[in-house]
Number of protein chains: 2
Amino acid sequence: MSPRMKLDVSVILQKAIELIDQHGMEYLSIGSLAKELQVRPPSLYNHISGLDELKQKLAIHGIKALYERMLQEAAGRSGDEAIRALSKTYLQFVRTHPGLYEAATRFPDPEDKELQQAQQAVVNLAVKVLEVYHLKKETAVHLVRGLRSILHGFSSLEQMGGFAMSLNVDESFSLLINTFIEGIHLMAMREKDEIQSEE
Amino acid sequence: MSPRMKLDVSVILQKAIELIDQHGMEYLSIGSLAKELQVRPPSLYNHISGLDELKQKLAIHGIKALYERMLQEAAGRSGDEAIRALSKTYLQFVRTHPGLYEAATRFPDPEDKELQQAQQAVVNLAVKVLEVYHLKKETAVHLVRGLRSILHGFSSLEQMGGFAMSLNVDESFSLLINTFIEGIHLMAMREKDEIQSEE
DNA sequence: TGCAAAAACTAATTATATTAGTTAAAATGT
DNA sequence: ACATTTTAACTAATATAATTAGTTTTTGCA
């Protein structure tokens, strides 16, 4: 009983992540987490200010973790290949960390600066990947919004059991991403034409 | 005080919807709802079995309401025009009823038969709208998954304040839907070619 | 009018988060 | 090694919310 747990914020976060990836966010409570860590509930308050702060930390951690993985995959790739890699990584992340992704998207206080910054980093990465297509800045932002919608929508629907039909889910995803990529090419061509006709 | 509130399930649901569309799902509690209805919290248990059942009813109601509106808009339309109408209606619904949409997508027990049936109705409507393109059954299902991903993803990101840039959000949406529609045309053409080369 | 059912109520119970105040362990300096 | 300070656990108490039990009031119909 007495051999003091060596708790700290990162140990708490780690255990919380395990717990939510396994059982979902609704299972996370000060009580369930304290039990996992083999301490009494009030002990957690020496490290975090409460459940809300913990959820916020999980959200930020989740977005940063997703960003790290996407950055890894984007390195050394460009264009269509980079988009496919990023998309695959995103879906993979949500499948591996459903609870953490849930924490990152459902519960955070959107006012939080650190959160906003982490989200912006993901967006910036996507913008960068689109640079090779030489799109107008505006068009690039529209397309990044589209890609995010696709990735978040598909992942979320899959997680909530939304794809009931037996049809292969990965094929649906590839098809969707490829369709989107073809859309980018169309946009790029059209803009090139516009510019030429203006000259 | 005494002139008995004439409560019933539908009055409760109606007030709950007002409450969540205005303040979000996290604000919904037996206590807050009872206060709105000017009764004591235990009184609600004469009509519903508890908060979980209420949330489930809200979810089902939400999906059915969305389906009704989509059905209205799909009537008398087909092809590209129908897809645009459905998409616009979907986004409009989420904007008008953010709390109800949240209830419909975030909290329901996915095992519930009535819920599954309501969700299936939406999917079937989308499948029907795609019929005019004469796609293979499989392709149609892939595309419906794609369209749902786009609609859910875009709506959700917008609701969570995910589109921070000042760039016009409706334009992003139109562009995304139009890109998707062009993707459908491409798929349709390819399948026609395949069939011809097989003959 | 009187009775049965419905639907409200008060009071009590349970679960959870949180705070207050206490104590034990660990780390640090002499 | 020992005393002091700090950290981080603990127990006990409080607050809020959901829920249940049991009671009473109202309503509608015979």
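In what follows, every chain begins at residue 1, and chains take the letters A, B, ... in the order their sequences are listed. Just so it is clear, the model here is predicted, and its values are computed rather than measured.
- For the pair A:I30 CD1 and C:dT19 P, the interatomic distance rounds to 10 Å; values are reported in whole Å.
- With a 4.5 Å cut-off on side-chain heavy atoms, A:I83 and A:I184 count as touching.
- A straight line from CG of B:L33 to C1' of D:dA18 spans 13 Å, rounded to a whole angstrom.
- Atom-to-atom, OH of B:Y45 to C1' of C:dT13 comes out at 13 Å; the value is rounded to the nearest Å.
- You'll find that the side chain of A:P41 is closest to C:dT18, out of D:dC10, D:dA17, C:dT18.
- Ionic pairing of A:D170 and A:R95 is present here: one or more N-O contacts between side-chain nitrogen and carboxylate oxygen are shorter than 4.0 angstrom.
- You won't find any donor-acceptor pair under 3.5 Å spanning the side chain of B:N46 and the base of C:dA6, going by distance alone.
- Computed from coordinates, the A:D52 CG to C:dA17 P distance equals 11 Å when rounded to whole Å.
- Taking the side chain of A:P42 as heavy atoms from C-beta on, and the options D:dA21, C:dA20, C:dA17, the nearest nucleotide is C:dA20.
- Distance B:L51 CG to C:dA15 C1': 14 Å, rounded to the nearest Å.
- Phosphate proximity of D:dA9 to A:H47: present, with a side-chain N or O under 4.0 Å from OP1 or OP2.
- One can place CG of A:L28 at 19 Å from P of C:dA15, the figure rounded to the nearest angstrom.
- Contact check on B:K55 versus A:E26 returns no salt bridge, with no Lys/Arg side-chain nitrogen under 4.0 Å from an Asp/Glu carboxylate oxygen.
- Atom CG in A:L54 sits about 11 Å away from atom P in C:dA17, given to the nearest Å.
- Atom CZ in B:R40 sits about 10 Å away from atom P in C:dA11, given to the nearest Å.
- Taking the six-membered ring for Trp, B:F154 and B:F163 have ring centres closer than 6.0 Å.
- Distance from the side chain of A:S29 is smallest to C:dT16 among C:dC9, D:dC10, C:dT16.
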